[in-house]
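All values derive from a computational prediction rather than experimental measurement. Just so it is clear: chains get the letters A, B, ... in the order the sequence lines come, proteins before strands, and each one is counted from 1.
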Protein chains: 2
Amino acid sequence: MIELRHLRYAVTVADEGHITRAAERLGIQQPPLSQQIRNLEDLVGATLFQRLPRGVALTEAGRTFVDRARIILQDVDLAVEATRRNARGEEGSLAIGFTSSAAFHPLVTTAVRSLGEISPGVRIKLEESSTSDLIEALRAQLIDVAFVRSPVEQSKGLSVSKILDEEMFVALPDSHRLVVKGARRTSPIQLSDLADESFILYRRPSGPGFYDAIIAACGRAGFSPQVKHEAPRLMSTLSLVAAGLGISIIPNSMTRLETNGIAYLPLDRRTQLVAPLHLAHRSEPSGGALKLFIEIVSRAVPELG
Amino acid sequence: MIELRHLRYAVTVADEGHITRAAERLGIQQPPLSQQIRNLEDLVGATLFQRLPRGVALTEAGRTFVDRARIILQDVDLAVEATRRNARGEEGSLAIGFTSSAAFHPLVTTAVRSLGEISPGVRIKLEESSTSDLIEALRAQLIDVAFVRSPVEQSKGLSVSKILDEEMFVALPDSHRLVVKGARRTSPIQLSDLADESFILYRRPSGPGFYDAIIAACGRAGFSPQVKHEAPRLMSTLSLVAAGLGISIIPNSMTRLETNGIAYLPLDRRTQLVAPLHLAHRSEPSGGALKLFIEIVSRAVPELG
DNA sequence: TCATGTCATATCCTGAAAGTATGCAATTAG
DNA sequence: CTAATTGCATACTTTCAGGATATGACATGA
């Protein structure tokens, strides 16, 4: 069976035109090199070198072989290098998923941008979907990593770590009585302040989300919110708020949507109503771009559980 | 050091997705295969397979490696095949030299045509020159084989074998007294019949050739020929003959030149004046197209010394 | 003719690949 | 929930081929 050793030896002998010198360069003795060359010639079934009184010279068949051997040896090196680059996350591809509510979080956008800067060779594919669909997609190998909102059961085969808890804000029409004109920041609002308000909440068809968390928090605050409207997406929710049809509660990062006619007021932390952001990926020993991306996210967060 | 064995193993494991089955296909046991895969991963410096509860699966880096490994293994096979074809004389190149007096011999043209038919992949290069220049060219590796006329000293490093002896013909103006009109063939002519003729001979600047052989044969026949004219090339010699300025003596194969005004009459064999044709090549153990060509020539000749 | 340089051959040794036995972990069947 | 099954990993042994050493064969050149 031909091995790369044979190619390396043949190339060196061809370069030196001299078995003894080639052996020296290869760090072995002359007799084993002679044998290996002979062995190679037997395997190939052709004389590759003609033995001269002083040294050896390639036959035409030998030149054919050695020329190709050089290329093959180079290809092996290239293959190893490419594999290493891939493993280091310098090349390859990474499919990143996120929920619509995570799309605007600076951590997400920053991490994606960082990956692109650190490893320009990585093809990044972005996918926006609901938490449950993202989990599904992770399982189906459609995406490699996802930013999701809680609650996420620690389902098997997946590794989910909480990155941070976002504070929640009340979104209300800027004509609302709770909005102090001219002052952009006011003191935190208590959930109980909203007991008499009409709520506009968005609920996703699949799985529990903010909806249930908000209902539960209101319950803890001693009232049951009047949910006048529901909307399928966040943007439509905010539209309804702007139209003065009620108020809503959204994570901090989404207040960046500077929508006309909407004011954002911080909720008191003691309401325990927060929007956690999780990073999820298959719990395989991740390497390559995925590992790098996880590291980037970890570094961007004070601590990652 | 990475060997082809590693590539073969990795490809098989990737194909089977299963180390045990791959080992079976490779004709080895599972533990050594596991070890070799691990060993390869260490050499490359990346995890190529993720171990699953049932079987193994390629990592992205692993796919990069295996994809390239397949190509490399194929390239090795192709290299071996190409080398064999070259050694068998199915590919490669062959530079063939011949003297001008051999150019018209059917053996030469037939052999060259046969090579082209048997091995269309061989690039054939033809070179016409004098015997001594051809010998020179053989030494300088400019040509690989040559058809030459005698005498050729059995010089070192070269192998020269006589292919055949061509009978000689007398070329004379068709108005000559010796030419029997209407009869194309006459009984052989004796050299002594030509004792009173004017000879036109061609002599090459380098080395002895027919010139001396003819003079010597005439001497044996009991006369010294009157060399009225000399010409540098055969064609000009024949022109002088056609012009009626004298006669000449040429090898059989050259009588194919149906020149107007010239008649060719066979010389009696007993004159011992013949034109030997030799095949010369470097006495290296010849392989490839050269070996094939020598075989073709040998086969075309009753026996080759 | 003798010294020199070079490849080939013969023999021994070593190391690495392959074999054997078994352990460990996870899945699946009962 | 336990037991059986499956499949990779680990530990240890064996074998064989690649490498080392010594020497031979052969041609060259002084």
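- Other residues, nucleotides and ligands contribute only 12 or fewer heavy atoms inside 6.0 Å of the CZ atom of R63(B).
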**Complete:** With B for base contact, S for sugar-phosphate-only contact and - for none (protein heavy atoms under 4.0 Å), nucleotides 21-30 of chain C reads B----SB---
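- Backbone-only contact: Y9(A) has heavy atoms under 4.0 Å from sugar-phosphate atoms and none from a base.
- Considering OG of S283(A) and CG of L158(A), their distance stands at 6.5 Å, rounded to 0.5 Å.
- For R68(A), there are no salt bridge (Lys or Arg N to Asp or Glu O under 4.0 Å) partners, not counting sequence neighbours.
- When the salt bridge (Lys or Arg N to Asp or Glu O under 4.0 Å) test is applied to D165(A), the partners found at least two apart in sequence or on another chain are K162(A).
- Listed by chain and number, the residues in a side-chain contact (heavy atoms from CB on, under 4.5 Å) with E295(A) are K291(A), L292(A), R299(A) (sequence neighbours excluded).
- In this structure, the side-chain contact (heavy atoms from CB on, under 4.5 Å) partners of E60(B), at least two apart in sequence or on a different chain, are N86(A), S93(A).
- The distance between atom CZ of F49(A) and atom P of dT6(C), rounded to the nearest whole Å, is 16 Å.
- Under the salt bridge (Lys or Arg N to Asp or Glu O under 4.0 Å) criterion, R85(A) pairs with E91(A), not counting sequence neighbours.
- Of all nucleotides in DNA chain D, those with any atom nearer than 4.0 Å to a heavy atom of chain A start and finish, going 5' to 3', at dG18(D) to dT28(D).
- The stretch residues 16-25 of chain B touches DNA chain D through H18(B), I19(B), T20(B), each having a heavy atom within less than 4.0 Å of the strand.
- Under the 4.5 Å side-chain criterion, counting only non-hydrogen atoms from C-beta, V66(B) is not in contact with L48(B).
- Remark: D77(B) pairs with no residue by the side-chain hydrogen bond (donor to acceptor under 3.5 Å, both in side chains) rule, at least two apart or across chains.
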**Request:** Check the pair N39(A), H6(A) against side-chain hydrogen bond (donor to acceptor under 3.5 Å, both in side chains), reporting the backbone distance first and the verdict last.
**Result:** CA-CA 8 Å; N39(A) 183 225; H6(A) 292 117; 3.1 Å; yes
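- Of the residues in residues 36-48 of chain A, not one places a heavy atom less than 4.0 Å from an atom of DNA chain C.
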**Prompt:** Are T12(B) and E16(B) close enough, and set up right, to give a side-chain hydrogen bond (donor to acceptor under 3.5 Å, both in side chains), and what steps lead you there?
**Reply:** CA-CA 6 Å; T12(B) 307; E16(B) 296 287 338; over 6 Å; no
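- Remark: T47(A) engages no residue in a side-chain hydrogen bond (donor to acceptor under 3.5 Å, both in side chains) (not counting sequence neighbours).
- For the salt bridge (Lys or Arg N to Asp or Glu O under 4.0 Å) test, residues two or more places apart in sequence or in another chain that qualify with R51(B) are E41(B).
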